[in-house]
2 protein chains.
Amino acid sequence: MPAYALTQSPTLKAAVTASDRVLLEIQRAIVEGDLPPGSKISEPDLARRFHVSRAPLREALARLERCHLIERLPNVGARVVKLSVDGLVSLYQLREELEGLACRLAAEQMSDEEIEQMQALLDKHLSTQRVRDGESYYQEAGDLDFHYRIILGSKNPYLINILCDELYFLVRMYRVQLGMNGPRVSRAFDEHKAILHAIANRDGELADLLMRRHISASRHNIELTLKNNEEQI
Amino acid sequence: MPAYALTQSPTLKAAVTASDRVLLEIQRAIVEGDLPPGSKISEPDLARRFHVSRAPLREALARLERCHLIERLPNVGARVVKLSVDGLVSLYQLREELEGLACRLAAEQMSDEEIEQMQALLDKHLSTQRVRDGESYYQEAGDLDFHYRIILGSKNPYLINILCDELYFLVRMYRVQLGMNGPRVSRAFDEHKAILHAIANRDGELADLLMRRHISASRHNIELTLKNNEEQI
DNA sequence: GCAGGCATAATTGTCGACACCTTGAGAGTG
DNA sequence: CACTCTCAAGGTGTCGACAATTATGCCTGC
């Protein structure tokens, strides 16, 4: 399998084409709620806004559909996805399964060097977290970085593609729009550490189990916020 | 989650647009080896061949990339994927995990009526198989139909999307190009029956286990053929 | 006042043409 | 002979315009 199979998304490569650029901008806009959930996507409007023609814009829309940030109907158009409890549950069911698998594979496939680099990464995150206690953004970035590395460590290109290119933007959207809060931020570090420890011991089964629990806990956290939000409406 | 989230692929809906039509034709051509693995995809060439302009063709190519039938490089172009043992292993690792999950969810989510319909489907397949013993195509279609129904029964839209829209064309490509052969054809029926029985008993764990074994056996079957093929070259 | 149909406006799908990039062949040089 | 550079040819990325479809608002009729 050629290496470029892993570089389909412009997040992992330089944004060489206009379509890539626009994709990144719209992804950010949707994830951060700049384009609100449920809102209509007008192609002529967006094309003007990002100074491109409709051709690269439509290419970008196709990729946005691929990562579940918009939904399209032929001859009708696209809308930004709405966040829901059902959607969250479905998404995290998959995450538990797939990232569990990623852990098992990573425990077999990652090199000692890669594992050492991850340990260094965790140490770095720990120190910055102590300094900026409560600032969720850094925790957010650090958490995603941790998960990314394990997924890449699985060395399974299809698994990497699904998690990194197709599901993670939606995961980020839930987390950014519903906010990460409370004691989970500090507890997540310990869970990361335990998972990495299991991988370092080449104990794939344990890493799998711990990752599933880690993701399940994260889901419950978001689910609570989401249900509160829905009640407020 | 709206219903049309499940109808992104033209396989499950009417091919209303030119892009849909071309997509279906090229999918078939690649899966059946009409466009051979590794061959270059020339946009002007294909556009002439299918009597459309490059705009809908490129839309179709984007979706072909999504289901891993072609690989693209910016400013370079697209090639039909090559089949390999590594690719097969990666693909079936995912299938085991995801279809196992689908079984667990289907055991919870499927209605009694849906389960009865599946039993009727199996009976029908059994009778046609007895008649046309050895004809792999019908078995092929029947097997896919069985897996499709379980996946749909999971009621998880993301899972359905990944398996039915993104991975199954590649699975079909391996099976069609490497051929299904030997005693597996008849044994697969028994395995299907056992899986469905577990689902009917609402025993998700057992269905999960049986499905993983079923897929694993299928993989070993194809792997053998693939390795023989590579040795011949 | 309301339902239904019609015409208009706006949006999406498709087309052909152009600009830029990559690639491969061939000339030139060490 | 090997290596580099140039350049032409083909292909991809992008653009603006047209055709087909859908949404909107008005009008008519009940």
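- What separates CD1 of B/I41 from P of D/dG11 is a distance of 13 Å, to the nearest Å.
- A donor-acceptor contact under 3.5 angstrom links the side chains of B/H147 and B/E99, judged on distance only.
- Between the CG atom of B/L73 and the C1' atom of D/dT12 there is a distance of 12 Å, given to the nearest Å.
- The structure places CG of A/L23 at 10.5 Å from OG1 of A/T17, a figure rounded to the nearest 0.5 Å.
- Closest non-hydrogen pair, B/M211 versus B/I195, comes out as CA-CD1, 3.7 Å.
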Considering only distance and modelled atom types, tabulate donor-acceptor pairs under 3.5 Å from the side chains of residues 41-48 of chain A, sequence neighbours left out.
residue: A/S42; atom: OG; partner: A/D45; partner atom: N; Å: 3.3
residue: A/E43; atom: OE1; partner: A/R54; partner atom: NE; Å: 3.1
residue: A/E43; atom: OE1; partner: A/R54; partner atom: NH2; Å: 3.0
residue: A/E43; atom: OE1; partner: A/R58; partner atom: NH1; Å: 3.4
residue: A/E43; atom: OE2; partner: A/R58; partner atom: NH1; Å: 3.0

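- Here the C1' atom of nucleotide D/dT12 and the CG atom of B/L57 are 12 Å apart, to the nearest Å.
- We find that CG of A/L46 is positioned 9 Å from P of C/dT12, with the value rounded to whole Å.
- Here the C1' atom of nucleotide C/dG13 and the CG atom of B/L23 are 16 Å apart, to the nearest Å.
- Put simply, CZ on B/F50 is 19 Å from C1' on C/dG13, counting in whole angstrom units.
- Rounded to whole angstrom, the span from the CZ atom of B/R21 across to the P atom of D/dA20 amounts to 15 Å.
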Using a 4.0 Å heavy-atom cut-off, write out nucleotides 14-23 of chain C from 5' to 3' as B (base contacted by protein), S (sugar-phosphate only) or - (no contact). BB-B---SSS
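- Side-chain contact, A/Y158 with B/R95: no donor N or O sits under 3.5 Å from an acceptor N or O.
- A/Y92 and A/Y174 have their aromatic ring centers separated by at least 6.0 angstrom.
- The separation between A/K40 atom NZ and D/dT22 atom P is 13 Å, rounded to whole Å.
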